[in-house]
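Structure first, commentary second.
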Amino acid sequence: MEFFCYHRDRAGSLALREELTEEHWSYMDGYEKELIARGPTFASDGETPTGSVHIVDLPGPAAARAFAFDEPNYQAGAFRDVLLRRWRNLLGRTMWDFPGGRTGDDRYLVLGLGAGDPVDLVLPDDRDDLVAFGPLLSDDGGAWLGTAALIRAADPEGARAVLTADGYAGIEVHAWEFGGRRS
């Protein structure tokens with residue numbers, strides 16, 4: 001089962017996150033085979049971290065909760081909250097298979113929180129800029145709760161356009177970059 005996990009930073013936690021970088025990466029090394037995508041989000045200045053995205057393939061909801069809440073930054077209090085939802089990988093690949101590569105161009109997390117009838121349950125026609133795309137679901141996979149996308153775009157407005165604007169209670173757009181150890 002695939003899960004979308006978004007840890008949001010607590011205000012003033014940057015020093016703590018920097019202190020725990022190696023512990024975080026070591027923790028994620030244990031999930032290397034399960035990771036579909038990962039990476040930090042940033043404030044509009046493109047510099048200040050605001051959170052951490054991980055999309056993982058795990059045995060079930062209990063394993064996903066353990067993954068999210070045993071993470072060293074969470075345990076140390078660096079995160080203010082965690083969004084954890086079942087997810088369906090409509091692209092069928094990992095971020096490492098993204099033809100656009102790890103670097104260059106602006107990339108974004110686009111997070112649409114559902115309201116009413118499900119939308120964006122199929123891939124958009126223009127897939128070339130999609131790093132990851134899929135619906136957010138309830139633990140049993142039966143209810144649509146929104147959609148999450150990682151996308152390469154010229155600007156936040158272009159990234160936001162990947163989702164149906166009036167199909168969500170709200171749409172968030174965050175600057176995002178590929179995560180993991182620096183080679």
key: Result of checking T147, N89, L109, I36 against F4 for side chain to side chain contact (heavy atoms under 4.5 Å, CB included)   = L109

ask   = Can the ring centroids of F79 and Y74 be said to lie less than 6.0 angstrom from one another?
value = no

ask   = In this structure, which one of R8, R38, H24 forms a side chain to side chain contact (heavy atoms under 4.5 Å, CB included) with S52?
value = H24

query = Are L111 and V131 grouped together when hydrophobic residues (ILVMFWY) are joined by side-chain heavy atoms under 4.5 angstrom apart?
reply = yes

task = Verify the ring-centre separation between Y31 and H54: is it less than 6.0 angstrom?
result = no

inquiry  = Test side-chain contact (heavy atoms from CB on, under 4.5 Å) on Y168 and D120; report intermediate values, then the result.
reply    = CA-CA 10 Å; Y168 298 90; D120 300 321; 2.5 Å; yes

key: Derivation of the side-chain contact (heavy atoms from CB on, under 4.5 Å) call for D70 and Q75   = CA-CA 6 Å; D70 290 345; Q75 288 291 309; 4.3 Å; yes

ask   = Does a donor on one side chain and an acceptor on the other come within less than 3.5 Å for D29 and S26?
value = no

Main-chain N/O of G134 paired with W87 side-chain donor or acceptor, under 3.5 Å = yes

inquiry  = Please check if the number of heavy atoms outside E32 that lie under 6.0 Å from its CD is greater than 12.
reply    = no

message = Is it the case that over 12 heavy atoms from other parts of the model lie below 6.0 angstrom from the CG atom of D117?
response = no

message = Is it the case that over 12 heavy atoms from other parts of the model lie below 6.0 angstrom from the CZ atom of R160?
response = yes

request  = Can you see which heavy atom on L121 is nearest to which on P135, and at what distance?
outcome  = CD2-CB, 4.0 Å

query = Any donor-acceptor pair under 3.5 Å linking the side chain of D57 with the backbone of E34?
reply = no

inquiry  = With a 3.5 Å distance limit and no angle check, can you tell me whether T48 reaches the backbone of A43 through a side-chain donor-acceptor pair?
reply    = no

